[in-house]
2 protein chains.
Amino acid sequence: MTTLTQEALIEQLSAIVGTDKVRTDADSLETFGKDWTKIYPPKPSAIVFPKTTEQVQKIVLLANEQSLSLVPSGGRTGLSAGAVAANGEVVISFDYMNQISEFNAIDRTVKCGAGVVTEQLQVFAEEQGLFYPVDFASAGSSQLGGNISTNAGGIKVIRYGMTRDWVAGLTVVTGKGDVLNLNKDLVKNNTGYDMRQLFIGGEGTLGFITEATMRLTRAPKNLTVLVLGVPEFDAIMSVLNTFQGRMDLTAFEFFSDKAMRKVVARGDVPAPFETPAEYYALLEFEAENEDHINTAMEIFEYCVEQGWVLDGVMSQSETQAANLWRLREDISETISEWTPYKNDISVVVSKVPPFLHEIEEVVTREYPDFEIIWFGHIGDGNLHLNILKPDDLAKEVFFQRCAKVSTWVFEIVEKYAGSVSAEHGVGLTKKPYLEYTRSKEELDYMRAVKLVFDPKNVMNPGKLIDL
Amino acid sequence: MTTLTQEALIEQLSAIVGTDKVRTDADSLETFGKDWTKIYPPKPSAIVFPKTTEQVQKIVLLANEQSLSLVPSGGRTGLSAGAVAANGEVVISFDYMNQISEFNAIDRTVKCGAGVVTEQLQVFAEEQGLFYPVDFASAGSSQLGGNISTNAGGIKVIRYGMTRDWVAGLTVVTGKGDVLNLNKDLVKNNTGYDMRQLFIGGEGTLGFITEATMRLTRAPKNLTVLVLGVPEFDAIMSVLNTFQGRMDLTAFEFFSDKAMRKVVARGDVPAPFETPAEYYALLEFEAENEDHINTAMEIFEYCVEQGWVLDGVMSQSETQAANLWRLREDISETISEWTPYKNDISVVVSKVPPFLHEIEEVVTREYPDFEIIWFGHIGDGNLHLNILKPDDLAKEVFFQRCAKVSTWVFEIVEKYAGSVSAEHGVGLTKKPYLEYTRSKEELDYMRAVKLVFDPKNVMNPGKLIDL
């Protein structure tokens with residue numbers, strides 16, 4: 001712990017970033033000390049707003065000298081408390097490092113400050129006739145530094161991969177206070193350990209990302225959405241396999257009928273068709289020409305013949321495509337009124353059916369009054385498990401029971417060699433469960449790697465892994 | 001250095017792998033002690049042929065106890081002496097760990113021993129109606145363990161990326177002798193540092209890869225090749241940019257007229273067309289239907305109108321496509337009779353023209369009698385620079401002068417923020433030049449990371465970086 005008085009701390013931070021870029025008012029401490037988890041009461045010492053990598057470096061050097069704990073803060077949309085400051089930490093907000101620069105049309109790259117908002121980059125790409133393909137519900141406020149530090153995924157991973165795949169180069173300040181320019185934005189660079197990869201998904205525990213060169217790609221043409229009604233979960237996998245064998249999909253999502261009905265009940269979007277089905281698959285693809293539409297129709301008909309699909313609808317316009325997407329994308333917000341217990345888990349795609357059935361069976365047997373809502377990025381093996389609180393159950397009792405559910409779920413995750421965090425990261429909320437996915441030896445190496453870059457444990461201490 | 005006698009060494013190794021799996025005959029020592037570089041005289045103590053990860057682990061534990069130096073050996077097609085054993089090391093050959101197993105059609109993954117030959121995996125994928133897209137000249141003998149350890153690239157990187165992008169999971173034995181199963185073959189797994197990424201491209205200096213789960217993908221349809229004659233190098237970039245804006249290319253290669261003429265002079269393949277041009281671009285794309293062909297023709301005509309392209313030819317059959325590819329792929333073998341000085345360098349794509357011009361200018365000014373042959377993966381910013389030995393120049397004098405060329409080239413690489421090794425790795429040959437691409441701080445972190453996984457420096461010591 002630091003021996004600096006609060007006054008001296010503010011003075012030293014102000015000397016680096018200017019007095020107007022250090023905040024200690026109650027509102028700021030409350031706002032910048034937490035993310036979307038809202039479980040841990042925020043309690044930072046101060047919030048600083050650097051404008052340059054050099055200022056970040058100076059803050060890190062100060063932290064090393066004075067034993068400060070630093071927490072990086074982006075759009076604060078995290079779901080694992082990776083950016084929570086609950087122990088008197090100094091929060092470094094990247095809000096002022098939000099410049100987009102050095103766009104290069106041939107390289108299709110652009111330099112972004114860590115504070116650039118995801119949607120800001122998406123819009124910028126669109127203005128250049130290009131496309132930044134990482135997309136998810138919180139794109140309107142999440143920042144790139146956070147996306148990279150948690151290797152954000154989302155709804156287009158099946159085609160475009162995770163954030164990792166779009167980082168051409170990184171500028172980071174390590175825990176020791178060194179500035180590293182990693183990979184120099186090269187496509188090919190086989191000159192030893194690619195340390196850029198450690199900072200991607202490193203949750204700010206090795207160092208803070210201050211700038212990133214991001215890749216852009218060709219804008220997709222005429223994205224077309226197909227929603228299919230599927231009678232049995234297992235058939236979804238056959239549908240996925242059949243489509244993937246003949247077409248490049250840009251998305252393959254699924255949701256249950258229970259989820260869909262709750263969205264439709266709000267009255268904003270219609271049901272996709274009248275035929276009832278237990279599950280729905282949502283596919284998206286580029287319909288560059290009639291051939292693609294015809295191929296999709298052929299595969300659809302084949303799936304119906306096989307009994308895998310009961311009914312389906314294909315978007316005929318952008319508006320209709322957007323409405324079909326809402327059936328999937330509005331689920332999270334719709335079910336929030338039931339105080340859902342949430343988990344973001346994954347297994348290899350082929351194991352999804354028995355994995356899902358086993359979790360469902362255990363929860364249903366132990367808590368028959370719980371309603372389970374499934375949805376997720378099934379093309380990536382990534383399921384979002386949501387359990388709704390029964391109306392007559394007290395919140396406290398519900399959460400107590402859910403703690404038990406967590407243990408059952410993670411035991412099943414371990415049995416299926418899956419991940420306790422597919423895309424949300426570890427932060428504080430998943431830290432106690434890391435051993436269900438990573439071996440003891442792996443965790444020991446992770447600790448040793450942490451100490452290489454951050455020997456004094458000043459960077460986001462207590463997150464991801466305990467030393 | 002080990003204090004074990006040669007006799008005791010053979011005995012202990014034999015106890016692990018069996019007497020028939022340890023070789024010390026002169027032929028084996030010569031064969032397994034070197035790669036394609038052939039600069040360093042091989043001098044290993046013994047060659048061992050483990051069959052399981054457990055045996056590899058036991059050898060590594062023995063190496064730690066007895067201070068042995070271990071060198072991993074795959075297909076020995078490396079061009080940077082990464083698998084050379086010139087100092088009494090024990091070579092671990094993965095020739096017997098060449099099983100392909102656990103193919104999963106839904107996950108499109110397959111488990112491969114480190115000794116699986118690249119082409120063996122390509123053929124296996126084809127038999128399943130799928131595709132393993134990493135391809136290069138030495139695919140017939142290079143092994144996956146080596147491909148992964150050097151993050152091999154090749155001729156399809158523009159569409160499919162490097163080997164890194166196809167590794168779903170890795171089993172490694174670290175330098176401390178721990179067996180780690182990294183990433184469990186998951187698509188999404190955000191549970192802390194992705195250490196798999198360190199072993200990819202790690203050149204066996206942190207540990208040895210014993211098994212890998214590789215991803216396969218949809219087989220491409222009707223690959224079509226376009227060879228274009230380009231009057232000026234800079235125009236190649238405009239051609240690349242224009243095609244990429246409207247089509248997904250699977251390859252974008254280039255070669256100079258000098259290179260093409262030498263290939264054609266052998267009489268195996270005809271020139272692409274009669275119009276002379278200084279440079280050629282070779283593009284490949286999937287022509288799924290007439291639309292793609294028409295689009296390619298439209299862009300071609302546009303490029304001619306702009307003066308970027310003088311003439312062109314599009315393959316009408318698989319045979320013709322293969323012949324056009326030979327214009328590019330036969331260069332390396334064709335020029336080998338001139339004892340070429342070779343370098344494998346890269347910059348960001350947009351900087352290729354001035355970078356190439358500057359190197360050419362310096363070499364031509366200083367050594368006007370040297371003939372320069374350029375070719376490479378220009379869509380990735382990766383140039384293969386080849387300087388041919390004048391017939392009347394003694395080999396020794398030529399190589400002395402080339403040492404000077406290396407320094408000039410790498411100074412230009414540094415000026416353009418490029419890489420001294422785009423895809424061949426560092427090994428021994430590029431180790432002295434690493435600082436032209438990586439900063440002193442980066443190299444210090446690399447050393448510290450090495451010590452985390454291999455504290456006694458038993459894994460491929462002296463390669464990549466000195467401690």
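Excluded from the calculations below are hydrogen atoms, water molecules and symmetry mates; all remaining heavy atoms, backbone and side chain alike, are included. Naming: A, B, ... by sequence-line order, numbering from 1 per chain.
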Considering only heavy atoms and a distance below 4.5 Å, find which of A/Glu442, A/Lys188, A/Arg108 pairs most often with chain B. A/Lys188
Please classify the contact between A/Asn104 and chain B as side chain, backbone, both or neither, with a heavy-atom cut-off of under 4.5 Å. side chain
Need one label for B/Met446: side chain, backbone, both or neither, based on atoms under 4.5 Å from any heavy atom in chain A. both
Between A/Asp380 and B/Val187 (side chain of the first, backbone of the second, donor and acceptor by atom type, cut-off under 3.5 Å), is there such a pair? no
Would you check if B/Gln244 and A/Arg218 make a side-chain contact, meaning some heavy-atom pair closer than 4.5 Å? no
Could you have a look at A/Leu186, A/Asn241, A/Leu464 and say which one has the most heavy-atom pairs with chain B under 4.5 angstrom? A/Leu186
Which answer fits A/Phe131, side chain, backbone, both or neither, if we ask what part of it has an atom under 4.5 Å from a heavy atom of chain B? neither
Is the side chain of B/Lys184 donor-acceptor paired with the backbone N or O of A/Tyr416 at a distance under 3.5 Å, no angle test? no
Looking only at heavy atoms, which two atoms of B/Lys450 and A/Tyr193 are closest? And how far apart? CB-OH, 3.6 Å
Tightest non-hydrogen contact, residues A/Val426 and B/Thr191, listed as CG2-CA, 3.5 Å
Nearest heavy atoms of B/Tyr445 and A/Met195, plus distance in Å: CB-SD, 3.8 Å
Taking every non-hydrogen pair under 4.5 Å, which of B/Asp291, B/Asp107, B/Val348 racks up the most with chain A? B/Asp107
Gap between atom NZ of A/Lys351 and atom CG of B/Asp185 - 0.5 Å precision: 8.0 Å
Check the pair A/Arg164 / B/Arg164 against side chain to side chain contact (heavy atoms under 4.5 Å, CB included), numbers first and verdict last. CA-CA 12 Å; A/Arg164 183 183 302 282; B/Arg164 183 183 302 284; over 6 Å; no
Honestly, the part of A/Val157 sitting under 4.5 Å from a heavy atom of chain B is side chain
If you round to the nearest 0.5 Å, how far is CZ of A/Arg246 from CD of B/Glu288? 10.5 Å
Pair count under 4.5 Å, heavy atoms only, with chain A: among B/Gly129, B/Ser421, B/Gly153, highest is B/Ser421
Side chain, backbone, both or neither: which part of B/Leu198 has a heavy atom under 4.5 Å from chain A? both
Value rounded to 0.5 Å, distance of CG in A/Leu182 from CZ in B/Arg438: 7.0 Å
Heavy-atom check, side chain of B/Val452 versus side chain of A/Val452, under 4.5 Å: yes
Measure up the A/His292 and B/His292 rings against each other and bin them: parallel (under 30°), tilted (30 to 60°), perpendicular (over 60°). perpendicular
Taking A/Val420, A/Asp344, A/Thr205 one by one, which has the highest count of heavy-atom pairs under 4.5 Å against chain B? A/Thr205
Side chain proximity check, A/Asp165 to B/Asp165, heavy atoms < 4.5 angstrom: yes
If you define the side chain from C-beta out and look only at heavy atoms, does anything of A/Asn189 sit under 4.5 Å from B/Thr437? yes
For the interface with chain B, which of A/Ser80, A/Ser439, A/Gly192 has the highest count of heavy-atom pairs at distances below 4.5 Å? A/Gly192
With only heavy atoms counted, which part of A/Thr150 is less than 4.5 Å from chain B, the side chain, the backbone, both or neither? backbone
Relative to chain B, which of A/Thr174, A/Leu451, A/Ile345 shows the most heavy atom pairs under 4.5 Å? A/Thr174
Selection from A/Asn289, A/Ile158, A/Asn183 maximising heavy-atom pairs under 4.5 Å formed with chain B: A/Asn289
Using a 4.5 Å cut-off on heavy atoms from C-beta on, say whether the side chain of B/Gln197 contacts that of A/Ile200. no
When the side chains of residues 427-435 of chain B are checked against the rest of the protein, which donor-acceptor pairs come out under 3.5 Å, sequence neighbours left out?
| unit_1 | atom_1 | unit_2 | atom_2 | d |
| --- | --- | --- | --- | --- |
| B/Lys431 | NZ | B/Gly462 | O | 2.6 |
| B/Lys431 | NZ | B/Asp466 | OD1 | 2.9 |
| B/Lys431 | NZ | B/Asp466 | OD2 | 3.2 |

If only atom types and distance count, is the side chain of B/Asn190 paired as donor or acceptor with the main-chain N or O of A/His424 below 3.5 Å? no
Residue, of B/Val179, B/Leu443, B/Leu206, B/Ile465, that accumulates the most heavy atom pairs under 4.5 Å with chain A: B/Leu206
